[in-house]
There are 2 protein chains.
Amino acid sequence: MAGFTIEKVAARAGASRSTVYKYWPSRGALALDGYVHTVGTQIAFRDTGDIHADLTSVLVAFARLMRKKPSGPAFAQLIGAAQTDPELAAAFSDHYFGPRRREVLALLDAARERGQIRPDVELTTIVDLLWGSCYMRILLPGVTGTLTDDFARDAVAVALAGAGTQ
Amino acid sequence: MAGFTIEKVAARAGASRSTVYKYWPSRGALALDGYVHTVGTQIAFRDTGDIHADLTSVLVAFARLMRKKPSGPAFAQLIGAAQTDPELAAAFSDHYFGPRRREVLALLDAARERGQIRPDVELTTIVDLLWGSCYMRILLPGVTGTLTDDFARDAVAVALAGAGTQ
């Protein structure tokens, strides 16, 4: 992110800074939008009717994306920068975490309707156990680099053994 | 962290910079050591023989600490800074996450010996589901500020419903 500026983007696009700012309110919002545009299809949610398979599939895809360079480290640095950059934090919330969270909650809600999730478990708890376990292995020094496919699978297996009805 | 320098610490301690560096290799290591010294007893692990109660107790204490100002936001900013500061990341790993992780794994291992944890579940998966779910609510824009006591309790309940033997 250190080298990412609205000026450079405007220059490469052959546009003025004000034109870029007309569409994106901040460099953070622009960086996020680029990121989401680039990786969105790789980590799209699908509802096949089998919540265990669908969560495993998307979490393994997320783990693979996070292991890639430069996308994984770039994403970790963006989250790091958001701790002291309220504009970037807002962009993250509005353009990435907010929409993604609504999608996975809809997926879990449909699974609960089908009787695959215990009615007494908060759906946000399941989301944060699963994605939190992965973000931990992306962001926390000492465990970064250990976000394997198997870890993502195990996380879903344990969380759904606890929150599921089977 | 922006205002925290070895120079200022040395000045307040009435010591030279080189004396401070003799005991702490970097400002990150010094900041972490101060943090751990200040909060260590509040989030100490205890083994009472009941893994559900012990994990709930320590995770709720961690959630309370993270909700406090300035300790919570300061900790989030330290983790954020570690994304682009390898020295700080190493200090985190060596002086905080490494030792804490060994302690909670020992706690879980003892619980497994007592038959409270399923033998087929990786203990690190349980750790990362639990702490990851909390770090998610500390670090990820849009869900920060929602790390309640009840959330910590629910996280333990779901994870142990999945990984425990009861």
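Model, not experiment: these values are computed from the prediction.
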For this session: Please flag which part of A:Val158 lies under 4.5 Å from any non-hydrogen atom of chain B: side chain, backbone, both or neither.
Result: both

Seminar exercise, completed: Here the gap from B:Phe92 atom CZ to A:Leu139 atom CG, rounded to the nearest 0.5 Å, amounts to 11.0 Å

Exercise. How about B:Leu108 and B:Leu55: do any of their side-chain heavy atoms sit closer than 4.5 Å?
Worked result: yes

Problem set entry | Residue among A:Val58, A:Leu123, A:Ile126, A:Val127 satisfying side chain to side chain contact (heavy atoms under 4.5 Å, CB included) with A:Val104 | A:Val127

Problem set entry | Interatomic distance, B:Cys134 atom SG to A:Leu129 atom CG [nearest 0.5 angstrom] | 8.5 Å

Exercise. What part of A:Ala155 is in contact with chain B, defined as an atom under 4.5 angstrom from a non-hydrogen atom: side chain, backbone, both or neither?
Worked result: both

Exercise. Heavy atoms, side chains only, cut-off 4.5 Å: are A:Val9 and A:Phe4 in contact?
Worked result: yes

For this session: Determine, stepwise, if the pair B:Ile79 / B:Phe97 fulfils side chain to side chain contact (heavy atoms under 4.5 Å, CB included).
Result: CA-CA 11 Å; B:Ile79 296 173; B:Phe97 293 124; 4.2 Å; yes

Could you show, one pair per line, the donor-acceptor contacts under 3.5 Å between chain B and chain A?
unit_1   : atom_1 : unit_2   : atom_2 : d
B:Gln83  : NE2    : A:Leu139 : O      : 2.8
B:Asp128 : OD2    : A:Arg137 : NE     : 2.5
B:Asp128 : OD2    : A:Arg137 : NH2    : 2.9
B:Arg137 : NE     : A:Asp128 : OD2    : 2.5
B:Arg137 : NH2    : A:Asp128 : OD2    : 2.9
B:Leu139 : O      : A:Gln83  : NE2    : 2.8

Exercise. Relative to chain B, which of A:Val143, A:Leu160, A:Leu140 shows the most heavy atom pairs under 4.5 Å?
Worked result: A:Leu140

Exercise. A:Phe45 and A:Val60: same hydrophobic cluster, using ILVMFWY side-chain contacts below 4.5 Å?
Worked result: no

Seminar exercise, completed: Bottom line for A:Ile138: the part with an atom under 4.5 Å from chain B's heavy atoms is backbone

Problem set entry | Under the side-chain contact (heavy atoms from CB on, under 4.5 Å) test, residues paired with A:Ala61 that sit two or more places apart | A:Ile43

